[in-house]
Amino acid sequence: MMKRDGSALESWKRGEVALLPGEEDGLLTLAEESGQPVGVRSTTEATRAITCVDALGVSGAVQLLLPLLDKEKECAGAVGIGRKLSDQRFLLEEIEFAGSVTEMAAVALQRLWLQEQVIAEQLEKQRLEKEKRELELLQKMRQDLGSMIVHDLRTPLASLLLSIQAMQRSLKDRITDKERKYFAYSLESGQKLIDMINDLLELHKMEEGQLKLMRQKVEMKEIVEDAMRQIEMLAKEKELTVEKVAPKECPPLYVDKEKITRVVVNLLSNAIKFSDKNSQITLQAGTSGPAKILLSVKDQGPGIPPEYVNRVFDKFVQVESRQEGKRFSTGLGLTYCKLAVENHGGKIWVESELGKGSTFFVELPAIPVG
């Protein structure tokens, strides 16, 4: 009878083997607690459990229960021996022999269980590895399909924008102001879609490690000024003040100027998007240590909830403001920033407090002076 087998335990409890009166687990409990063989003598009045020492001096029909003890002396089950055909008591030699056999059985069972455990762990490992391979394959198929669809969308969309521009030029002064606004809105929306498609394609290349960086020596001042020019109109439309703070002397960078400029533009655009009218955005650049440039963009927006601080750089994450009851989509801009900065050997992070705005930091390696 093995303790692992509930049905066997139940059969012992039901009385198929002599039980200790008033005990739920009967002989098994007694054998487990003592760690020694337990004898049972049946009488016409009751079934009585006795120790083996007592059993040696008792004549009549006796049953034996020997515990299966592992190396840690834990009881894993028991071996039951019924009445002798001669209906005589068990001799000491017989009990010792049965005990030796039981010990060998316990060792063999322990080895078997260890083998079963090893096999089960191996099977589980194989199952997990198979599931991992299948997930990786599905992920690659999804990415490849997404890239193919996105790439195929870019050409017809570009053709559509060219057609709208050609139509606008051919009509010239024959269109009304209202129609001119429709043209402008269509072109602007189409360009946003193309930019999003380009973002997705570049993100995929970055994730696959296939993006080629056109590195060159460039001053941080140039990047900041280019980014400021690109967001100037956007800030004016929302009546925001963008303050630029940069030291006079700053070591140059060896980076892909277009991509790092785009990182700064994305951070500024993100700050503008989440800022209220007449508030201020601060763009600051300087050094953060030997051969390191630190750039920060600080806004006075609603801030980021703590549970989203570590997720804002993930793709398509929507940050929900509990105070304002709004959802702010971060889209792909911050994801692009993270991958672009990391591809340059830098790092990016955000510090934020609800109601007090957010500050995004970018640290990039600079060209050592001298």
Side-chain angles (χ1 to χ4, degrees), residues 1-10 68-77 104-154 196-213 215 256 259 263 266 304-320 327 329-350 360-365:
M1 188 278 298
M2 308 308 300
K3 286 182 68 175
R4 301 169 81 188
D5 187 348
S7 60
L9 266 176
E10 291 301 319
L68 285 168
L69 303 177
D70 58 22
K71 290 182 179 180
E72 288 73 30
K73 299 302 179 182
E74 294 289 334
C75 183
M104 290 187 288
V107 172
L109 283 171
Q110 189 171 33
R111 289 177 180 173
L112 179 62
W113 290 339
L114 288 174
Q115 290 176 357
E116 289 179 352
Q117 184 177 358
V118 171
I119 292 172
E121 289 175 354
Q122 290 176 343
L123 291 174
E124 179 65 13
K125 183 179 179 181
Q126 292 174 2
R127 184 186 69 81
L128 293 174
E129 289 176 350
K130 181 180 178 182
E131 289 183 357
K132 181 182 177 182
R133 288 194 300 270
E134 291 175 350
L135 287 173
E136 289 175 348
L137 179 60
L138 288 173
Q139 179 73 2
K140 188 176 185 306
M141 291 174 63
R142 183 185 67 81
Q143 290 178 345
D144 292 343
L145 178 62
S147 297
M148 181 180 67
I149 293 173
V150 170
H151 187 273
D152 290 344
L153 281 174
R154 184 166 55 177
M196 185 179 293
I197 289 171
N198 291 333
D199 283 345
L200 285 169
L201 291 174
E202 286 202 21
L203 286 175
H204 180 65
K205 289 180 181 178
M206 288 180 183
E207 290 171 336
E208 296 293 323
Q210 299 174 354
L211 184 68
K212 293 182 180 180
L213 299 176
R215 291 179 181 266
D256 188 317
K259 289 180 174 54
V263 167
N266 283 351
I304 302 170
E307 63 268 27
Y308 288 100
V309 168
N310 295 324
R311 297 179 53 203
V312 293
F313 297 103
D314 296 340
K315 279 195 246 183
F316 309 117
V317 169
Q318 283 190 325
V319 179
E320 183 174 359
R327 282 191 174 185
S329 174
T330 60
L332 301 171
L334 292 179
T335 306
Y336 177 90
C337 293
K338 182 177 186 294
L339 292 174
V341 169
E342 290 178 350
N343 271 263
H344 281 83
K347 61 180 181 179
I348 184 171
W349 70 96
V350 61
F360 284 83
F361 296 91
V362 173
E363 187 177 70
L364 292 167

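Computed from a prediction, not measured in an experiment: that's the story for all the values here.
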Residues forming a side-chain hydrogen bond (donor to acceptor under 3.5 Å, both in side chains) with Glu124, sequence neighbours excluded: Arg127

When rounded to the nearest 0.5 angstrom, what distance separates [atom1] in [X] from [atom2] in [Y]?
X: Leu112; Y: Ile119; atom1: CG; atom2: CD1; answer: 8.5 Å
X: Asn343; Y: Lys338; atom1: CG; atom2: NZ; answer: 10.0 Å
X: Leu339; Y: Glu342; atom1: CG; atom2: CD; answer: 6.5 Å
X: Lys130; Y: Leu128; atom1: NZ; atom2: CG; answer: 12.0 Å
X: Glu121; Y: Glu116; atom1: CD; atom2: CD; answer: 12.0 Å

Is there a donor-acceptor pair closer than 3.5 Å between any side-chain N or O of His344 and the backbone N or O of Leu364? no

Please say which of Tyr308, Phe313, Phe361 ends up in a side-chain contact (heavy atoms from CB on, under 4.5 Å) with Val350.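 Of the listed residues Tyr308, Phe313, Phe361, the side-chain contact (heavy atoms from CB on, under 4.5 Å) partner of Val350 is Phe313.
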
So which atom in Gly333 and which in Asn266 form the shortest heavy-atom distance, rounded to 0.1 Å?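 The answer is O-ND2, 3.4 Å.
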
Closest approach of Val341 and Glu363, non-hydrogen atoms and distance? CG1-O, 4.2 Å

Taking only residues two or more places apart in sequence or in another chain, which ones pass ring pair (Phe, Tyr, Trp, His ring centres under 6.0 Å) with Tyr336? none

Should the heavy atoms of other residues, nucleotides or ligands under 6.0 Å from NZ of Lys259 be counted, would the total exceed 12?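 Yes, because the 6.0 Å sphere around NZ of Lys259 holds more than 12 heavy atoms from other groups.
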
Evaluate the side-chain proximity of Val107 to Arg111: yes if any heavy-atom separation is below 4.5 Å, no if none is.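 A side-chain contact under 4.5 Å exists here.
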
State, yes or no, whether a side-chain contact exists between Gln117 and Leu114 at a heavy-atom distance under 4.5 Å. yes

Please list, chain by chain and in numerical order, all residues satisfying salt bridge (Lys or Arg N to Asp or Glu O under 4.0 Å) with Arg133, sequence neighbours excluded. none

Kindly indicate, with the supporting measurements, whether the criterion side-chain contact (heavy atoms from CB on, under 4.5 Å) is fulfilled by Phe360 and Leu334. CA-CA 10 Å; Phe360 284 83; Leu334 292 179; 4.0 Å; yes

